[in-house]
Amino acid sequence: MPLTGKNILIGITGGIAAYKICELIRMFKRANANVKTVVTRNALEFVTPLTLETLSQEPVYYKQFETEERKPEHIALCSWADVFLIAPASANTIGKIANGLCDNLLTSLACAFQKQIIFAPAMNTGMWNNKAVQKNIETLKSYGAKFVEPESGYLACGTEGQGRLADLNSIYSAVEELLQENNKFLKGKKIVITAGGTKENFDPVRYIGNYSSGKMGAALAQKACEAGADVTLITSASLTRKMSFNTICVNSAKEMFEAVQEEFYNKNADILIMTAAVADYRPENCADLKIKKENTDELTIKLVKNPDILSEMCKIKKPNQQIIGFCAESNDLIKNAKTKIRKKGCDWLVANDISRKDTGFSSDYNEVFVLDKNLNITKIEKDTKENIASKILESIWQKQAK
Ligand code: CTP
């Protein structure tokens, strides 16, 4: 569910529609979102803190200066919230926020909030049609705010016209859409990902390979796609289902190298992620026909070194291109990873311990360490490969976006 674990801050202003927000809180809570409410003093004329606290299971915030926590509330709540919804948004609060005024906690939060704010206005028709109110709304829209327009109908003040708080489902959908939009932190990026263990043939039907399943690469491709990237997966592992991104199937390291050169370098992609377990060696010769056992009691296969795709790409990459390597180690994980990121020259290296039975190769789970060029290390605790993939992408690119 898209709202699971998301932090929704609802600003409630003084208007009769404030009572409807109680139901909206329940809808968000049912979707496993975390909800906190910040209210104006006038809102408390319509809904009580006890109601809001019981529904949200969080304290209600309205005191601008007296804080229990050390951090100033407007900073703490702003960094906590994934989305800030102001509903009902009164003409008064809209006017104050449009003009940068901060005379209470709610307007101070709106002023400090760095992301898009959603307003769901509710007011009397005359107020809604007032030119100053409309001008304030236009100003906020020009600053990037999102509005869920009020509906027309019977209003609490006894008149009919536009001004009634939008249907709660429309407000809910607007929050959901904005969160999905915010999640597209790789929008506009072209990403090439390699996956699987390469297969190095020594006759037409036999090869030297490894146990890499390609699951980590496929999960990264899926998550990068969901984050808005244009993804190409170059894989030597067979895919069990149809993917929503472009896939190129290869077998050997040589084929993978050619595909990476074409898709990443020649087509000027933004990012290369090398999750593939590329064979370091390949048989020097590949027999044209199947090797028959009658002909020999012993078989010696001479291996020669494969190109190191990651190192080669790091050497020629353009300044706008970023490269993430993976490293599989069975001992001294961090020590070897630090040496490897320096040696290969990539921007990040994701290290995983392949000696563990419960994670890594072939498993559906992984636990990794993400190293940057300065050797800063972020640990991503054991989780499914899908969740690890999301966390790797977020830890690298959402950090950059901030
Ligand atoms: N890699 C590559 N080409 C190779 C070997 C590895 O591009 N011929 C890439 C892998 O895709 C991975 C990174 O290099 O992103 C590290 O791979 P790893 O197997 O951990 O290390 P190796 O370079 O193969 O070194 P070693 O096996 O000696 O640890």
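Heavy atoms only: backbone and side chains are in, while hydrogens, waters and symmetry mates are out. For ligands, and for the atoms within them, numbers begin at 1 and follow the listed sequence.
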Test the Lys141-Phe147 pair against the cation-pi criterion, namely NZ or CZ under 6.0 angstrom from the six-membered ring centroid and within 45° of the ring axis.
yes

Going by distance alone, is a donor N or O of one side chain under 3.5 Å from an acceptor N or O of the other, for Asn136 and Thr139?
no

Residues in ring pair (Phe, Tyr, Trp, His ring centres under 6.0 Å) with Tyr265, at least two apart?
none

By side-chain contact (heavy atoms from CB on, under 4.5 Å), which residues pair with Leu299, not counting sequence neighbours?
Phe202, Ile291, Ile301

Listed partners of Thr54 passing side-chain contact (heavy atoms from CB on, under 4.5 Å), at least two apart:
Leu50

Shell of residues surrounding ligand 1, defined by a 4.0 angstrom heavy-atom cut-off that is strict:
Met274, Ala276, Val278, Ala279, Asp280, Pro307, Asp308, Ile309, Leu310, Gly325, Phe326, Cys327, Ala328, Lys340, Lys344

Yes or no on side-chain contact (heavy atoms from CB on, under 4.5 Å) for Thr37 and Glu58, after CA distance, side-chain angles and deciding distance?
CA-CA 8 Å; Thr37 51; Glu58 292 283 351; over 6 Å; no

